[in-house]
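To start, the structure under review is shown below, and the notes come after it.
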Amino acid sequence: MKSIFGRAVRVFYPGLWRDRGLIKGYMKRDSYCGQVTREQIGKNMTLCGWVASYRDHGGVVFVDVRDRTGICQVVFRPETGEVYDLGRGLRNEDVVIVSGELVKRQEGAINPRISTGEVELIAARATLCNKADPVPFLPGGHETVSEDIRLKHRYVDLRRRPMTEALMFRHRVTKLMRDYCDEHGFLEIETPILYKSTPEGAREFLVPSRLSPGDFYALPQSPQLFKQVLMVAGMDRYMQIARCFRDEALRSDRQPEFTQLDLEMSFVDREDVIGLVTGLIRRLWHELLHVDLPEAFPLMSWREAMDRFGVDKPDTRFAMELCDVSAIAGQSEFGVFKDAVAAGGCVKTICVPGGATLSRKQIDELTVEAKQFGARGLAWIKLGGDAGAGQMGGPIAKFLSPAIQQQLRHAAGGADGDLLLAVADKQEVGWRVLGELRLKLGHQLNLINDNLWNFLWVIDFPGFERDEATGKIAARHHPFTAPLDEDLPRLESDPLAVRAKAYDLVLNGVEIGGGSIRIHQREVQSRIFSLLGISQADAEKKFAFLLDALRFGAPPHGGIALGMDRLIMLMLRRQSIREVIAFPKTQSGTDLMTQAPSPVEASQLSDLHLAVVGLPASGAAGIKPSVPGSGA
RNA sequence: GGGGGCGUAGCUCAAUUGGUUAGAGCAUCGGAUUGUCGAUCCGAAGGUUGCGGGUUCGAUCCCCGUCGCCCUCGCCA
């Protein structure tokens, strides 16, 4: 059999091993534990791995040996002397090399629960490479170990089957992405990690410069500007599995450093990028999940997404869509509705199927939720129920005439037994509140079919929005996003109505990627800058290199970035991206295994011309608890 | 930065209204055991109840503070 690693690894130190009472012999792995099969019965082979479990019957001893591919049972027999003695001394997570004949298991001793359960290796030679201390938890255990323990001893955690599989799966995803991009003419090009600070958007990690005292690099939030420069440079198509950094609060689907599949293409329009990425996703699902996705994913305008689902990343696996009933509710005698519509706002509803059975307490909880998202209150109407068939119940029903009630019921598509929830407010509040309640209720009422893979492209995003705090116009995506051609004339007259050539890829209500066609004309770029209140001087200062590049021959170009961590999390149906990242950080940005971040030597600080100031009184520079939770 | 949950043996969890020496399973150690596979049986060892303070005759339990982890809102062009 061919060597797995393609080269022999010299690890044989006879003297050392003999001193430790180990078995002599030079053995090189020729098989992986999880890959031994019936067809190999009768062959001699050598396995390497970790002791997953041992069962000592006084005579025969069974040891399950595990490597990243799986588990194989090894049998130690008394007649093998010192090999047997070694075998019966093995404990969990000891590292061993075992050679012997692969045999068919006896009748009745077959274990159908593991793929190698029909065979076993009869140990003829064995080497104990390293005795393991008792591990904090067993990788094969059935109990759920708390996440901080897992993170602290990640090397043990990664031996657990689900984690090993996640990392192997992740490898296949990135491999396939590279292959696909290569087939489509992309070049993989690295971009700098030490980058220039561009204080738009997310907070950046800063890196002090020793050679330029007082100056700083920043870690890139994404390689955005570099990939555009690569297009100007004529590379035509660029891809990178790129690490990105953002110093913002963490969530279960957010890490301070994360990975994107970053793409950029020249001489393309929106449809080209969408088509290419759709093809990539279809390939991934076909080859890795054995699911055939439709040839094209639905396109939905941002406006339609907001009107129907209240969010710009709709989960279309269930209905319960938003319904604007302003025209009807504005005619009613219910002051809250009437006033909201009169003030230029709206009345929106969702119809909760079977929701009439919700208790008053549950509805009150929804109201609390609604207020959290900015609503002043939540109106509710029960259809049918105590009020009688075809009637409406609840505190506001009495303000609604029979005619209005009929129209409402018809518009919202409700039937007896349903619950109407209504928000009367500004349009944005209506979207937000009902969009969030829809998702919450969708989960709560089990309306979501977990087997669906509902992809869609959200397009025609607004290019700009008004910053609530400053009142200024701000770019929604980034200031290099091209507006739709037909909206260009309105850039100055009605900027908030200008739509962008931006697109997001959404899967089951999760944004897994986004991109845009960029501006490649100087004239358009300066109009955008003046709209955003960025002076020529400011623009030069912040983005000089990009503006220069645009002057010296920029092709039309556009691209996209896919969030690798989220994508793989969804493919594997994990609850957190930490389950698909080898060494993730905690919610407070610390690494429990390495204890990063940590204080540094005073000399390191002085080399960098840095001084630590403004720490809380108790925390003098360089002093903090060394081990979490230990109080040490 | 705000809100919430959790913190007891190496791990997963118990512990009556605040009451005697804080228990169990797994892991570890010793012994038995020749077909197990979450092996089984007998025995042993293992604890600053995250840390600090307070209330009390008495605190794992109640109160305050603090640290850590998770969820969530803000935040993430």
Side-chain angles (χ1 to χ4, degrees), chain A residues 52-64 71-79 84 88 91-93 105-114 116-117 120 122 132-153 156-157 198-204 221-222 224 244-256 258 368-369 371-374 432 436 440 461 463-465 467 473-481 500 502 511 514 516 532 563 575-576 578 585-588 590 592 616 618-619 624-632:
Chain A
S53 116
Y54 63 94
R55 297 172 291 280
D56 181 350
H57 285 257
V60 65
V61 174
F62 301 101
V63 174
D64 290 344
I71 280 177
C72 180
Q73 173 164 286
V74 174
V75 184
F76 289 89
R77 296 196 173 283
E79 51 270 28
Y84 171 71
R88 67 179 317 198
R91 293 297 179 267
N92 290 318
E93 303 310 314
R105 292 200 193 182
Q106 296 172 7
E107 282 306 316
I110 289 170
N111 183 354
R113 279 183 298 165
I114 60 175
T116 60
E120 61 194 5
I122 307 299
D133 277 352
V135 284
F137 56 93
L138 287 175
H142 296 257
E143 282 163 333
T144 310
V145 180
S146 66
E147 196 173 0
D148 48 339
I149 302 286
R150 292 174 49 203
L151 289 174
K152 184 173 178 186
H153 304 281
V156 176
D157 190 43
T198 52
E200 318 276 295
R203 191 178 297 117
E204 299 171 317
Q221 300 173 33
S222 78
Q224 179 63 37
C244 307
F245 305 87
R246 292 178 192 173
D247 190 6
E248 295 288 348
L250 271 48
R251 290 288 167 75
S252 58
D253 62 352
R254 254 192 260 159
Q255 284 274 304
F258 59 99
V368 170
E369 193 98 356
K371 286 180 176 166
Q372 203 181 350
F373 293 116
R432 175 96 206 275
E436 296 284 352
K440 184 189 166 74
F461 281 84
F464 308 96
E465 61 194 351
D467 187 307
I473 301 277
R476 242 187 121 83
H477 192 49
H478 59 62
F480 314 107
T481 304
E511 180 200 326
S516 63
L532 298 176
Q575 294 303 306
S576 153
R578 296 186 300 271
K585 293 183 174 55
T586 68
Q587 201 167 55
S588 49
T590 61
L592 295 181
S618 61
K624 66 185 209 178
S626 56
V627 181
S630 73

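Owing to the predicted nature of the structure, the values given are computational and were not obtained by experimental measurement. Every chain is numbered from 1, with letters handed out A, B, ... down the list of sequences.
At the phosphate of B:rU12, neither OP1 nor OP2 sits under 4.0 Å from any side-chain N or O atom of A:Thr144. In this model, the phosphate group of B:rU12 is approached by a side-chain N or O of A:Ser146 to a distance below 4.0 Å at OP1 or OP2. Residue A:Ser588 places at least one side-chain N or O closer than 4.0 Å to OP1 or OP2 of B:rC69.
Nearest to the side chain of A:Thr586, among B:rU12, B:rU36, B:rC70, sits B:rC70. Closest approach to the A:Phe137 side chain among B:rC76, B:rU34, B:rC11 is made by B:rC11 (side chain taken as heavy atoms from C-beta onward). Of the candidates B:rA77, B:rC11, B:rG38, B:rA77 carries the atom nearest the A:Pro479 side chain, counting heavy atoms from C-beta on.
Across all strands shown, nothing is found opposite B:rC76 as a Watson-Crick or G-U wobble partner with both distances under 3.5 Å. Remark: B:rG18 base-pairs with no nucleotide in the shown strands. Criterion, Watson-Crick or G-U wobble with two distances under 3.5 Å. Across all strands shown, B:rA59 forms no Watson-Crick or G-U wobble pair with both key distances under 3.5 Å. Shown here, B:rG65 forms a base pair with B:rC51; the pair counts as Watson-Crick or G-U wobble because both key distances fall under 3.5 Å. Checking B:rC26 for Watson-Crick or G-U wobble geometry (two distances, each under 3.5 Å) identifies B:rG10 as its partner.
The nearest whole Å value for the distance from the NZ atom in A:Lys152 to the C1' atom in B:rC69 is 13 Å. Rounded to whole angstrom, the span from the CG atom of A:Asp148 across to the C1' atom of B:rC67 amounts to 13 Å. Put simply, CD on A:Gln73 is 11 Å from P on B:rA39, counting in whole angstrom units. One atom, CZ of A:Phe461, and another, P of B:rA77, lie 13 Å apart when rounded to the nearest Å. Regarding A:Leu532, its CG atom lies at a distance of 15 Å from the P atom of B:rA77, rounded to whole Å.
For A:Glu511, the salt bridge (Lys or Arg N to Asp or Glu O under 4.0 Å) test picks out no residue, with sequence neighbours left out. The side-chain hydrogen bond (donor to acceptor under 3.5 Å, both in side chains) check on A:Asp148 picks up A:Ser146, with sequence neighbours excluded. In this structure A:Gln224 satisfies the side-chain hydrogen bond (donor to acceptor under 3.5 Å, both in side chains) test together with A:Gln228, A:His478, sequence neighbours excluded. Not counting sequence neighbours, the partners of A:Asp157 by the salt bridge (Lys or Arg N to Asp or Glu O under 4.0 Å) test are A:Arg150, A:Arg154, A:Arg160. A:Thr116 pairs by the side-chain hydrogen bond (donor to acceptor under 3.5 Å, both in side chains) definition with nothing, not counting sequence neighbours. Remark: A:Phe62 engages A:His57 in a ring-ring contact (aromatic ring centres under 6.0 Å, His included) (not counting sequence neighbours). By the salt bridge (Lys or Arg N to Asp or Glu O under 4.0 Å) test, A:Arg55 is found to be paired with A:Asp64, residues two or more places apart in sequence or in another chain being considered. A:His477 meets the ring-ring contact (aromatic ring centres under 6.0 Å, His included) test with no other residue; sequence neighbours excluded. Shown here are the salt bridge (Lys or Arg N to Asp or Glu O under 4.0 Å) partners of A:Glu147, two or more places apart in sequence or in another chain: A:Arg578.
Annotation: B:rC75 and B:rC61 have their C1' atoms spaced 38 Å apart (nearest Å). Rounded to whole Å, the separation between the C1' atoms of B:rG46 and B:rU12 comes to 16 Å. B:rA27 and B:rA9 are spaced 11 Å apart, taking the C1' atom of each and rounding to whole Å. Using atom P as the reference point in both B:rU60 and B:rA22, the two lie 10 Å apart (nearest Å). When the P atom is used for both B:rA45 and B:rG7, the distance is 28 Å, rounded to whole Å. B:rC42 and B:rU49 have their P atoms separated by 31 Å, with the value rounded to a whole Å. Using C1' as the reference atom, B:rA59 and B:rU8 are 14 Å apart when rounded to the nearest Å. Spacing between B:rC26 and B:rG68 at atom P, rounded to whole Å, works out to 35 Å.
Counting non-hydrogen atoms under 4.0 angstrom, A:Thr481 reaches nothing in the nucleic acid. If you check every strand for non-hydrogen atoms under 4.0 Å, A:Glu120 touches a base. In this structure, A:Ala474 reaches neither bases nor backbone, as no heavy-atom distance under 4.0 Å exists between it and the strands shown. Here A:Ile71 lies out of heavy-atom contact (under 4.0 Å) with every strand.
A:Tyr54 is listed as a side-chain neighbour of A:Arg91, based on a closest heavy-atom distance under 4.5 Å.
Evaluation of atom-type donor-acceptor distances gives no pair under 3.5 Å for the side chain of A:Arg246 against the base of B:rC76. No hydrogens or angles were tested; on distance alone, a donor-acceptor pair under 3.5 Å links the side chain of A:Asn111 to the base of B:rC37. Side-chain N/O atoms of A:Arg55 and base N/O atoms of B:rU34 include no donor-acceptor pair closer than 3.5 Å.
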Protein-to-nucleotide contact annotation, 5' to 3' order, nucleotides 22-28 of chain B [B base; S sugar-phosphate only; - none; under 4.0 Å, heavy atom]: ---B-SS
Please tabulate the protein-to-nucleotide N/O contacts below 3.5 Å involving nucleotides 71-73 of chain B, giving atom names and distances.
residue : atom : partner  : partner atom : Å
B:rC71  : OP1  : A:Arg578 : NH2          : 3.1
B:rC71  : OP2  : A:Gln587 : NE2          : 3.1
B:rC73  : OP2  : A:Arg251 : NH1          : 3.2

Please tabulate the protein-to-nucleotide N/O contacts below 3.5 Å involving nucleotides 40-43 of chain B, giving atom names and distances.
none

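A salt bridge links A:Glu369 with A:Lys440: the closest approach of a Lys/Arg side-chain nitrogen to an acidic carboxylate oxygen falls below 4.0 angstrom.
For A:Thr198 against A:Glu204, the heavy-atom pair with the smallest separation is N-OE2, 2.9 Å.
Under the stacking criterion of a centre-to-centre distance below 5.5 angstrom and an interplanar angle below 30°, A:His477 is not stacked against the six-membered ring of B:rA77.
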